[in-house]
Amino acid sequence: MSTVTLDFETRSRVDIKKAGAYRYAADPSTEVLCLSYQIDDQPIKTWAPGLPKPSAVFGADILKAHNAVFERLIWHHVCQRLYDWPAVDFDRWRCTMAAAFYRAIPGKLEKAALALGLTEQKDMAGNKFGLAASKPVKVTEKNPTGWREDLETMERVYLYCAQDVRAEHELDTVVGDLPPGELAVWQLDQRINDRGVQIDVAAAAACVNITAGVKAKLHGELETLTGGAVKTVGQIQKLKEWLAANGCELSDLQAPTIEGALAENFPGAVGRVIAIKHTLQSSTAKAQTFLDCVGADGRVRGLLQYHGAATGRWAGRLVQPQNFKRPSKLFEDVDGNTLIADILYGDAEYLEMVYSNTNEAVAHAVRPIIMAAEGKTLTAGDFSAIEAVVTAAIAGDERKLDVFRAGLDPYCVFAEAVFGYPVNKKEHPIERTVGKMGELSFGFGGGVGAWRNFEPKGKESPHTDEDIDRYKLMWRKQHPHIAGDHELGITGLWRDLEEAALAAINTGEPQSTHGVTYYADPKGGWLGCRLASGRTIWYREPRVVEAEMPWTYRNGDPVFKLQMEYWAWKPIIGGWVPVRAWGGHLTENVVQATARDIMVEAMFRVEEFDHEIVLTVH
């Protein structure tokens, strides 16, 4: 079978970062600058509009690109329309970015090439020319077209495009293709993104207009109250200094801190400034993002990123559907249709009167802005306590599984062990909260730190570190098949996974336990963890190190233990960092990846029943 690796360079009056690839490709102003391509291992060629059609590309069995959705959309929306190219069957496309994500490698080509130390790197100097040619410029007498298309720029664009193909081709040889099962998942992801979600465009526009008016009004008031010292709530340092100078010294201006300051009822200008900050704290930017990327048919596409996390979970893009605002207590019982109707009324003062905070109302409207298309019903489904169930199933903890089989509340069951009396959700909300915090915090080996991470921020905890340690020990005693129990002779899931991973690294031989297998990748450089589903999650360049533990012996001497260490790419620093993995860490990876595979299986079943998935959230 012949494979062509290809890359387009394009230009458009649409900002792709704001609008996304779907809106960008479909815009009439979008054009191709050039196409570079390599068929199998033949020399790279470059095509540009005006040259004979690149017919050799049309006959390739497989078309491979980095972030192939972009090339696929440009081919469909631009090349077929402007250059009379033939259509390409969906199943012929492959994506090296998807393959990189599958191997826990960063998605961007320049970062993937850097992370793997490829011989062929992305031409970042040429990238500047590509960016310059891709965006409109001011129309002048010397440049009447409104585009930068001088000879030097275009030559550099052609060279830059060809270098991208070289880097993509080498990347492909290192990371390989997606295995058949994951290729099917990526193809499902593409179909979901192609469908997109229907939105209420009028409601999104109303949200934008309302918040713009509220923001302008409140920022004007803020400037007056502070004597011109602070013009917007975005001037964090200036606002913090003004508050401190006026008797309100805050550690930060995050939402929980502002909510605490609001509750103190500071008098006069200080109280009003805090109230303004609180009002504008709610993020309303998603409504504008909806409008930026909506298509002519009222649908927003490209909201999901396949394999956005190393465990295989999806990530969000554009409006980031994975992190929509959770309803606050004020909005828990507010009907979405009612909220949208009130927003469409278009009166900020009315919203303020009904909901107390106009911006908060707009922020909560993001979910109901997504609507069912005409003749369709929008339905959401979820798995109950999926991570707790999967952890118990992999560990073989039948006692815990019986709790779920009986339909009991696991939070209440653990709370009963803590408090020594029957607990139910209605009559014992405080006790149940302790049970919930324990279940969330301790399943992957966490302790005080994990508990604190789950606690509501900005509120003083009623639980001391000693309390949490006691809860932790009780949870571990209740779950010997997960945490282990020396007296019962049970090593537990955490330790079993850790020992299997260490043995696989040390011996080079596959090691199986609890339905998963750790093995060295024949291509080198990775440790694989094959799940019960057959899918593998990957760890880059693993090794065994002697690490000092955060606890000591009773006499105060340090404790050292053999641990697995691997390299993980951290986007914030743009580089590899060493990560220590112990049993709880490995358990979290296996459980979350398995839960993802269960969800994927359900997604395929839903599609088989002719229900069209438009979004997914882990």
Side-chain angles (χ1 to χ4, degrees), residues 8 10-32 65 67-83 85 87-90 93 95 97 134-136 186-209 284-306 308 314-324 336 340 343-344 362 365-379 607 611-617:
F8 282 115
T10 60
R11 68 185 184 188
S12 178
R13 301 193 183 281
V14 173
D15 185 341
I16 193 170
K17 290 185 177 180
K18 289 184 178 180
Y22 286 85
R23 169 78 178 80
Y24 178 94
D27 193 84
S29 72
T30 302
E31 301 173 325
V32 169
N67 192 24
V69 63
F70 179 78
E71 271 66 28
R72 182 168 62 83
L73 293 173
I74 293 298
W75 189 298
H76 174 73
H77 287 287
V78 181
C79 295
Q80 290 180 225
R81 173 176 58 87
L82 294 181
Y83 316 122
W85 286 13
V88 175
D89 184 70
F90 176 85
W93 287 98
C95 182
M97 175 186 279
S134 70
K135 301 174 183 177
W186 175 73
Q187 290 172 335
L188 173 61
D189 162 86
Q190 296 292 284
R191 290 188 171 95
I192 293 171
N193 276 313
D194 284 357
R195 287 181 193 133
V197 295
Q198 191 76 35
I199 70 164
D200 190 327
V201 178
C207 286
V208 170
N209 291 334
T284 58
K286 289 185 186 294
Q288 180 61 59
T289 305
F290 271 129
L291 296 181
D292 289 338
C293 56
V294 67
D297 58 355
R299 299 186 77 86
V300 175
R301 295 175 171 85
L303 300 185
L304 299 176
Q305 174 61 63
Y306 163 81
W314 271 267
R317 293 294 182 262
L318 298 173
V319 295
Q320 298 289 342
Q322 310 279 19
N323 65 355
F324 281 172
I340 292 295
I343 285 173
L344 286 171
V362 169
V366 170
R367 290 176 187 270
I369 280 176
I370 294 177
M371 59 187 288
E374 187 175 353
K376 301 284 187 179
T377 300
L378 196 60
T379 303
E607 291 274 323
H611 299 304
E612 297 178 340
I613 298 172
V614 295
L615 276 179
T616 182
V617 179

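The structure presented is a predicted model; accordingly, all values stated were derived computationally and were not measured.
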What is the minimum heavy-atom distance between [X] and [Y], and which atoms define it?
X    : Y    : result
V14  : A19  : CG1-CB, 3.5 Å
V362 : C207 : CG1-CB, 3.6 Å
E71  : N67  : OE1-O, 3.4 Å
A205 : L291 : CA-CD1, 3.7 Å
I369 : A204 : CD1-CA, 3.9 Å

Return the set of residues passing salt bridge (Lys or Arg N to Asp or Glu O under 4.0 Å) with [X] (not counting sequence neighbours), or none when no residue passes.
X    : value
D200 : none
R13  : none
K376 : E612
R195 : E607

For [X], all residues meeting side-chain contact (heavy atoms from CB on, under 4.5 Å), sequence neighbours excluded:
X    : answer
P368 : I340
H611 : V606, F609
D194 : Y22, R72, F90
V197 : I199, V300, L303, I370, V614, L615

Which residues pass the side chain to side chain donor-acceptor pair (under 3.5 Å) test with S134, not counting sequence neighbours?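 S134 satisfies side chain to side chain donor-acceptor pair (under 3.5 Å) with no residue once adjacent residues are dropped.
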Which side-chain N or O atoms in residues 74-82 pair as donor and acceptor under 3.5 Å with protein atoms at least two apart or in another chain?
unit_1	atom_1	unit_2	atom_2	d
W75	NE1	P86	O	2.7
R81	NE	H77	O	3.1

Under 3.5 Å: donor-acceptor pair, side chain of [X], backbone of [Y]:
X    : Y    : answer
T30  : Y24  : yes
Q288 : V208 : no
N193 : L304 : yes

Nearest-0.5 Å distance, CD of residue E31 to CZ of residue R11: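 Answer rounded to 0.5 Å: 4.5 Å.
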Would you tabulate the side-chain donor-acceptor contacts of residues 315-322 under 3.5 Å, counting partners in other chains and residues two or more places apart, or write 'none'?
unit_1	atom_1	unit_2	atom_2	d
Q320	NE2	G316	O	3.3
Q322	NE2	W314	O	3.2

Could you walk me through whether F324 and V617 pass the side-chain contact (heavy atoms from CB on, under 4.5 Å) check? CA-CA 10 Å; F324 281 172; V617 179; over 6 Å; no
Does anything in residues 289-299 pair up under salt bridge (Lys or Arg N to Asp or Glu O under 4.0 Å), and if so which pairs, sequence neighbours excluded?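 Every salt bridge (Lys or Arg N to Asp or Glu O under 4.0 Å) pair that includes a residue of residues 289-299, provided the two are not neighbours, is D297-R301.
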